[in-house]
Amino acid sequence: MPVGDQRRGTHDRGRHGHDHAAAKTTSKPRRPSSSASNRKTSVTAAQRDGVKSAKSAEQDRQVTKSPEDLELRSLTNDSMATKEDELIYSNGQVDTNNDMKANEIEQKSPEPEKEEEKLEEKWAEKATDEYNIRSFNDNILEFTEIFDNDKFKTVDSAYPVEDLISVVNSVSSAIDEFKEQTLASQVKLEGLREKMKEVKEAIHHNIAKNAVQLPDDEVGVEERELTEKLTRLNAEVAKANADLSEALRLSAETESTAVKAQLAAERAKEEAKRIEEELELKSKVEAKRKIEHQKKMDILQKQKEEEDRMELETRRQKEIEWKRKELNAGEKGPVWEKWPTHEINIVSDAHEIGVGCMVRGNPATFDQSKLGLQVVDQMQCKMTYETQEELVSCVLKLTNKANEQQNFEEPIFVAVPFQLSRSSASSREPFIKAEVDGEWKEIPSREVIFESYKDVKFAQAEIKGQTTLAVMTRYKSDYVTLSKRPTKIVSSYDHRVTLTILKDTFNAKELFRMQVQPVDSATISDMQTRRRECKGLLTSSPILQTDWESTTFAKPITVTIPCPPNPAKARKLAQIRKMKEEKMKHPVRAPVIDFEKEARKEEEKKKARQQKETQMAEVEKVTTKWYMGEYGHNDDDENDLLHFLSMSHTGKWTYHPEIKVQQAKLDLLQFTLTQPFERFMVLRTRTNIAEENTPAMASAIFTFLSKRFAQIIVKQRSDDPFDCLINVVPVSKTQKVLKRLNDTGYDEGPEPSSIVNINEGDVIEVSFRGNVKNSKDKTLRVRYNTNLKSEIGCYVAEVDQYLQKNFSVYRGVIQLERCYIVKPCRKLKRSPSVVDENAVASALETKKEHLCEISINIPKYHIEPAYIPVTAPVTIIKTTDPVDDDLIRDLARDMGDEWKRVAQLLNVSRARIQAILRNVQISDKSEEDARYEMLLNWLKKMPKSTDKVAVLSSALVKGGRADLAEDVRSKWRTFQSSQHVAAY
């Protein structure tokens with residue numbers, strides 16, 4: 001093969017490899033940084049190095065190629081250089097010019113090689129200024145590193161929006177330039193492919209056209225050589241096509257990557273715009289929030305200043321009130337004490353005290369005729385009850401008759417009477433509540449006594465204008481102003497309750513209030529029987545409620561509090577005391593001393609003492625017995641435990657093991673406090689009670705003391721069963737109320753209900769069920785008060801007169817429900833300083849709780865037609881007493897409403913009395929006829945041997961008519977004297 005052809009083939013392959021290497025290594029860099037010009041120089045140098053490296057790599061590949069490859073390349077070049085120039089004629093002659101041309105080509109072959117080397121150098125120089133794909137890839141990597149920076153990932157108020165926009169613009173420019181260069185390269189590759197295709201077709205055409213007919217032996221060799229060359233040429237063309245396809249595929253992938261990069265850049269632009277809008281919106285919202293926050297802070301600041309001012313004013317008023325209460329409920333006013341007292345009476349069924357109120361006013365300006373006083377129904381006023389408060393008087397309304405819109409010219413002092421039992425008077429104190437601006441509040445008051453009403457207690461207060469007021473009671477409170485000096489506080493209710501305060505316990509003035517709530521033995525006994533968790537409870541101290549201004553004590557405070565002793569120990573001490581008293585009453589003479597006998601007794605006592613000490617040292621066991629499925633101490637056990645418990649503001653009781661309670665005396669306990677407690681008490685329990693069970697005991701006792709146990713009494717008039725009275729009374733007053741109702745004629749009706757639990761001030765709602773209803777068709781309500789009458793009357797009637805035909809009476813049920821107000825536990829959305837008072841008031845909820853049901857019957861005789869009974873005539877024959885028809889007529893004429901009581905004393909049945917009353921109602925008879933019929937009925941049932949005068953006189957005396965009894969005895973004496981005269 002000629003040397004030129006071999007070089008030409010080598011040059012073509014090197015040119016192709018160089019183009020591929022140059023396409024990868026040379027580019028024109030575009031970077032967003034400011035040092036782009038410096039990097040351009042380094043990129044140009046890198047391009048030159050890339051060209052040199054491509055040439056050296058191609059030369060190495062040529063050296064390492066096999067002989068077959070080199071021969072194929074030389075044959076291809078030879079066919080392209082010589083055979084294309086040969087002319088084969090149809091007569092078989094060969095053009096000798098081809099040999100000359102071949103020789104010329106062989107001689108001139110070094111020159112094209114030099115020219116090609118020059119072209120390669122020019123192309124390398126030109127490529128330095130053209131596009132560089134390697135620089136583009138480096139730029140893409142740098143952009144990726146830029147977006148990996150934390151300043152672009154963290155979105156906040158200092159987000160670099162301008163830097164992001166600049167980087168995105170740089171990315172877009174690089175991608176646009178890459179797309180342009182990619183399109184140009186694709187066009188050039190397509191052109192190269194077309195040129196190579198044309199060369200291939202020309203070769204095939206020339207070979208077919210210039211084919212020479214040679215001898216058989218020569219034709220075979222030449223044909224084989226040409227065929228081999230053609231095959232090699234086709235392989236080269238196929239390989240070039242494959243390289244072209246790979247280049248096109250890489251170009252397509254690069255273009256796809258560029259499109260994706262452009263989409264990512266567009267998304268980055270949109271994201272940057274969105275972030276910028278969000279930051280702007282966030283800044284506006286933040287500015288608006290700051291303005292609103294500033295306004296709210298200004299409002300809160302004003303409210304805080306107002307609250308501070310009100311707090312100072314309240315503290316000043318509190319100090320004045322504290323001072324007044326320390327000085328025994330206020331200042332003594334010699335001026336108003338000398339004023340005349342005016343008594344104002346009222347007529348009301350609810351007011352059982354004779355006087356309405358006592359009023360004192362300035363004689364120069366006060367006019368009693370201008371003062372109006374009336375009793376207000378409790379259901380018409382919304383009086384509020386705090387814990388442990390009780391109403392003890394009627395609700396009175398004071399008005400100015402001269403002008404209802406104006407107050408009094410000068411303040412007046414009004415004393416309101418109230419009812420309070422002796423047992424409650426020792427532990428409770430009265431005070432006056434008045435309606436001020438639609439809200440019931442306590443006003444300064446004091447307890448007074450008037451000479452004209454020594455048995456009635458009064459609570460007096462200063463009134464400046466028209467108001468509604470009432471007297472209430474609560475547990476006694478002690479008000480003390482503490483200082484740095486040592487103090488000992490003694491309760492006014494029980495002198496055994498004391499607090500010893502050391503010097504410098506408080507650094508400033510301290511306002512202190514103490515209230516003692518007693519816990520009696522009846523409550524403990526009731527709790528032991530009612531509640532399972534209180535079986536191990538022995539006794540309890542009173543509950544102390546204290547109000548402190550400080551939250552800590554500089555020094556501990558010593559507290560003494562009474563607590564009943566262990567019942568077993570108390571019984572033992574009582575027996576010992578009884579034996580001592582009997583011994584003192586019946587002294588025993590000193591017996592003759594037997595020294596030997598005494599010595600034996602002393603020795604026996606010593607042995608018994610030693611044996612007991614040995615047993616105690618071995619084991620300390622408490623005698624137990626099994627009852628109700630659990631172990632418990634017996635009643636003779638003198639051992640017990642003392643537990644200190646306190647209640648938080650949420651109402652939860654907590655046991656404090658760190659506070660050690662000591663037994664100072666038999667019924668007196670002592671302990672120290674290092675911090676203030678709102679409420680606390682001490683429980684004495686059996687030794688088998690666990691400490692974690694004591695809070696449940698304390699909670700049960702506190703809840704039990706806040707409840708009121710009452711019964712519902714429904715009674716009907718004996719002469720009119722449709723007239724009913726419904727009373728809600730405490731359990732302790734049930735028998736007293738039944739006696740009062742019986743005396744007033746309400747002796748018919750069902751038995752009292754079972755015991756129910758209600759609170760002071762609860763509203764009892766009455767409804768009917770069955771064939772009985774209230775004739776006025778309205779809901780009945782009555783407010784319960786322990787110290788006042790809680791009574792309501794109604795007139796019942798049947799619902800349907802055609803129902804219950806099989807019964808002789810109409811039957812129905814009275815339902816009673818307790819209505820009470822509760823505060824919901826849900827949290828308020830706004831802070832307490834901003835909450836509206838009306839919203840809090842509207843949040844109160846009214847609930848109902850079923851109490852009991854009472855059956856009631858009403859007769860049918862007012863509906864069914866009744867016939868006047870025909871009675872047979874009765875003739876009374878005088879025998880041994882003056883009780884005859886005339887005497888009975890006289891008694892019936894003189895007796896009054898007490899005749900029903902006399903009838904019960906004469907053992908006349910209630911059914912017979914109701915029959916007599918019914919006969920009177922359906923006939924034209926009078927009540928005198930009813931009394932006569934009752935006495936006649938009694939007389940008919942009396943045996944002849946009975947002393948009718950004695951029985952009748954005794955019944956009249958017990959019924960309250962001793963005068964009629966004396967008339968009966970007088971007639972008896974007259975009758976006896978007449979009998980003696982007749983005998984003579």
Is any side-chain heavy atom of S393 closer than 4.5 Å to a side-chain heavy atom of P417? no

Give a yes or no on whether a salt bridge exists between R740 and E791, defined as a side-chain N under 4.0 angstrom from a carboxylate O. yes

Check: E933 side chain, A930 main-chain N or O, donor-acceptor pair, under 3.5 Å: no

Would you say S541's side chain and V682's backbone share a donor-acceptor pair under 3.5 angstrom? yes

Side chains of R513 and Q545: does their closest heavy-atom pair fall under 4.5 Å? yes

Check whether any side-chain N or O of Q716 sits under 3.5 Å from a backbone N or O of N857 as a donor-acceptor pair, and report yes or no. yes

Give, for atom CG of D377 and atom CZ of R781, the distance between the pair rounded to the nearest 0.5 Å. 12.0 Å

Taking atom types as modelled, is there a side-chain donor on D520 or T523 under 3.5 Å from an acceptor on the other? yes

If only atom types and distance count, is the side chain of K433 paired as donor or acceptor with the main-chain N or O of T384 below 3.5 Å? yes

Give a yes or no on whether K707 atom NZ has more than 12 heavy-atom contacts from other residues, nucleotides or ligands under 6.0 Å away. yes

For R474, the option from Q517, E442, Q515 that meets side chain to side chain donor-acceptor pair (under 3.5 Å): E442

Kindly state whether the ring of F418 and the ring of F458 have centres lying under 6.0 angstrom apart. no

Is there a side-chain contact (heavy atoms from CB on, under 4.5 Å) between S477 and E429 once you walk through the steps? CA-CA 8 Å; S477 300; E429 62 181 3; 3.9 Å; yes

Provide the full list of salt bridge (Lys or Arg N to Asp or Glu O under 4.0 Å) pairs with a residue in residues 715-731, sequence neighbours left out, each pair given once. R717-D719, D719-K900

Give a yes or no on whether the backbone of G896 and the side-chain of E898 come within a donor-acceptor separation of less than 3.5 Å. yes

Strictly by modelled atom types, are Q711 and N727 linked by a side-chain donor-acceptor pair under 3.5 Å? no

Heavy-atom side-chain proximity of M647 to E678 below 4.5 angstrom: no

Checking side-chain contact (heavy atoms from CB on, under 4.5 Å) for the pair V809/R811: CA distance, chi angles, key distance, verdict? CA-CA 6 Å; V809 294; R811 296 182 176 182; 4.3 Å; yes

Which heavy atom in V516 sits nearest to a heavy atom in P542, and how many Å separate them? CG1-CB, 3.8 Å

Under 6.0 Å from the six-membered ring centre of Y810 and within 45° of its axis: does the NZ or CZ of K860 meet both? yes

Taking side-chain contact (heavy atoms from CB on, under 4.5 Å) as the test, write out the residues that go with S767, two or more places apart. Q815

Y385 and E390: side chain donor to acceptor below 3.5 Å: no

Exam field: side chain T529 to backbone D526, donor-acceptor pair closer than 3.5 Å: yes

Under a 3.5 Å distance rule, please check whether R428 uses its side chain to pair with a backbone N or O of T473 as donor and acceptor. yes

Salt bridge or not for E435 and K382, using N-O below 4.0 Å? no

Do we see a donor-acceptor contact under 3.5 Å between the side chains of Q460 and R446? no

Compute whether any side-chain donor of one residue and acceptor of the other, for S706 and T703, lie under 3.5 angstrom apart. no

So is R818 actually on top of Y820's ring, under 6.0 Å and inside 45° of the axis? yes

Side chains of I713 and L741: closer than 4.5 Å at any heavy-atom pair? yes

Could you go through the side-chain contact (heavy atoms from CB on, under 4.5 Å) check for I524 and I701 one step at a time? CA-CA 8 Å; I524 300 299; I701 293 174; 4.2 Å; yes

With heavy-atom distances below 4.5 Å as the criterion, would you say the side chains of Y493 and P518 are in contact? yes

So which heavy atom on K457 is nearest to which on A425, and how close? NZ-CB, 3.5 Å

Calculate, to the nearest 0.5 Å, the distance between atoms CD1 and CE belonging to I344 and M358 respectively. 9.5 Å

Ignoring hydrogens and geometry, is there a side-chain-to-backbone donor-acceptor pair from R708 to L705 under 3.5 Å? yes

Expected output: side-chain S753 to main-chain E853 donor-acceptor under 3.5 Å: no

Could you check whether S492 and D478, counting side-chain N and O atoms only, form a donor-acceptor pair closer than 3.5 Å? yes

Say whether T786 and E760, considering side chains only, have a donor N or O and an acceptor N or O under 3.5 Å apart. yes

For residues Q419 and N787, is any side-chain donor paired with an opposing acceptor at under 3.5 Å? no

Residue pair V392 / L788, side-chain heavy-atom distance below 4.5 Å: no

Please verify the inter-ring angle class for H643 with Y655; under 30° counts as parallel, over 60° as perpendicular, anything in between as tilted. perpendicular

